[in-house]
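In what follows, a structure is listed as structure tokens, so that the remarks can point back to it.
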Amino acid sequence: MAGEKVTQAIFLIWSLLLTTSLGRQTNFSSFPPDFEFGTATSSYQIEGAWNVDGKGWSMWDHLVRTAPESIYDNTTGDIAANSYYLYKRDVEILKELGVNNYRFSISWPRILPYGRPDYVNPYGVAYYNALIDELLANDIKPFVTIYHWELPQNLNELGGWLNEDIADWFADYARVLFENFGDRVKHWLTINEPDVHCYFGYESGSHAPRIISPGVGYYECGRNILLANAKAYHVYDEEFRASQGGEIGMVISMEWPIPKTDSADDHEAVQDFIAFNIGQYMDPIFSENGNYPKRLIDRVAAASTKQGLNTSRLRPFTSEQIEYIKGTADFLGLNHYTSKLVYRNESLEGRFSVPSKHDDVYIDELRHPSWPVDTGFVHEYAPGFYSLLIYLKNTYNNPKIYVTENGCSTSTGLNDTFRVQYYRNYLSALLDALAEGVNVKGYFAWSLMDNFEWSFGYTLRFGIYEIDMNDPERKRVPKMSALVLKEIIRSRVIDYNYDVDPYAPSGAFVRTASIFTIILLATLVIILRIY
Ligand SMILES: *[C@@H]1O[C@H](CO)[C@@H](O)[C@H](O)[C@H]1NC(C)=O
Ligand SMILES: *[C@@H]1O[C@H](CO)[C@@H](O)[C@H](O)[C@H]1NC(C)=O
Ligand SMILES: *[C@@H]1O[C@H](CO)[C@@H](O)[C@H](O)[C@H]1NC(C)=O
Ligand SMILES: *[C@@H]1O[C@H](CO)[C@@H](O)[C@H](O)[C@H]1NC(C)=O
Ligand SMILES: *[C@@H]1O[C@H](CO)[C@@H](O)[C@H](O)[C@H]1NC(C)=O
């Protein structure tokens, strides 16, 4: 009789706890079943094998040989993560993570050593065939970036992104990829991050091709990228879509601006930041009317006039070009890392060189000192990610979005607690945005592994897998963030209540809020003892 009462009491407690726990579960929102998870890389940053099997030179191969001082630690991507040889291990770790998608890029000069399709390198085609087949055999969908900054050097010598012919060069190259891989690749990304590419490549000159052409080259590059994207889109649409049935988008990186104060000036500064850094690429493709934002057109035209020029440094699109570019993305590939505080005050007078992008946009930017950072330029401020997603939904009629990059750099090896917190917070912000109806279909963490971070060389580590660049075998070892992401992907919820020991052989879980679990287990033990 007493035993029965105890059992009843225990049963009651247990049901109560279970109900609370279920209640808690439903309070957590979770990623929908068809939400896609993946990780991302790019060819120059991981492949190595820079001069084997018939590969031509890219402008980065040229840069690291002719101007090694432009890389912070004097390194190169000659070997990098050696993925040209280790791609099977890459697929293995993707499998380990439990992702069903992998975003990687194809090296233009590995396929077309001289940039043009009159000679297609069979070894290059064979490499990407092998990678794609290995992915598909493991149930992982390839998301392929056609251009992630590896312009063949001889096309660079013909003017590269400053030559309007590049729209043809790029579309011809893209056609070779659709022909060779489009039977299996159903998600194409044309060009990665126009603003970053054009700013560092043609304005500040800290990236290849190191052309310092402030306020001129920067806009020409962006304009030609929009034309090239449009041309490749139309090639796919007209020649391949019907038979291959895939989709094609463009990757645009965006930081989110927060006004430093509530002043009218700072709110204006936010609008300017958006027009130059977001609208310049988004509006021509995704807005109802196409073309650049009016604010951008007017601002650069006014500055150009003031500088005694009779045409704007932002060359206008013809009405045919506006129509040709409009709608040339089936989805937006969104890269987002961090936010900025923006503001404007009188002390800007004389601060920027003339002409320049900075002088045109005429604002000050900084990272809020309270936003956490480990190393590098990515400061954690997840509410900015949420605001950006809401902005894109409201401004561009809720476009379909894949988050094609999100991540941060850390300096703490496998114990990357900063990155763990970063991913939990940014994925929570993404969940909040999904709840508001933002049309995000998938999320790719940058990056699958440590790699060559452009002008930072190997000094900034963005990988969720660690690689010791002195280890000839380039072993891939999961950091704590890889183990936590794996759990998020498996459970599809974000639970802050555990840690993972990255030094334990297979990543031991450590519940940090375990009292609840202990009570449950204790109850079970008591029940088992009674019977
Ligand atoms: C449930 O969600 C609400 C709103 O997001 C939050 O305020 C509350 O703290 C959550 N409760 C639990 C138990 O997590
Ligand atoms: C890089 O090379 C330059 C010039 O050769 C040298 O002065 C500098 O110390 C090197 N830096 C590193 C980190 O090796
Ligand atoms: C603009 O100025 C250039 C010389 O700076 C001149 O060659 C050109 O004809 C002018 N164009 C117009 C439309 O006035
Ligand atoms: C104006 O900008 C200068 C330089 O960035 C800064 O030091 C100063 O605090 C700013 N003033 C205001 C009122 O924000
Ligand atoms: C990992 O780093 C955290 C600080 O971020 C520290 O508290 C903890 O002791 C470290 N763990 C190990 C095993 O080094």
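The basis for the numbers below is simple: all heavy atoms, side chains too, and nothing from hydrogens, waters or symmetry mates. Both ligands and their constituent atoms are indexed starting at 1 by order of listing.
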How are the rings of Y44 and W454 set relative to one another: parallel (under 30°), tilted (30 to 60°) or perpendicular (over 60°)?
parallel
How about F200 and W149: are their ring centres within less than 6.0 Å of each other?
no
Taking only heavy atoms of Y503 into account, list the atoms of ligand 5 that are under 4.0 Å away from them.
13 (C)
Considering heavy atoms of the protein only, find what lies nearest to atom 4 (C) of ligand 5 and give residue, atom and distance to 0.1 Å.
T417 OG1, 4.1 Å
Hey, looking at atom 11 (N) of ligand 5, which of D374, T412, N415 has the closest heavy atom?
N415
Between D73 and T459, is the side chain to side chain donor-acceptor pair (under 3.5 Å) condition met? List the steps.
CA-CA 7 Å; D73 56 359; T459 61; 5.2 Å; no
Would a search of protein heavy atoms around atom 9 (O) of ligand 5 find one under 4.0 Å away?
no
Using the benzene-type ring in the case of Trp, are the ring centres of Y202 and Y218 under 6.0 Å apart?
no
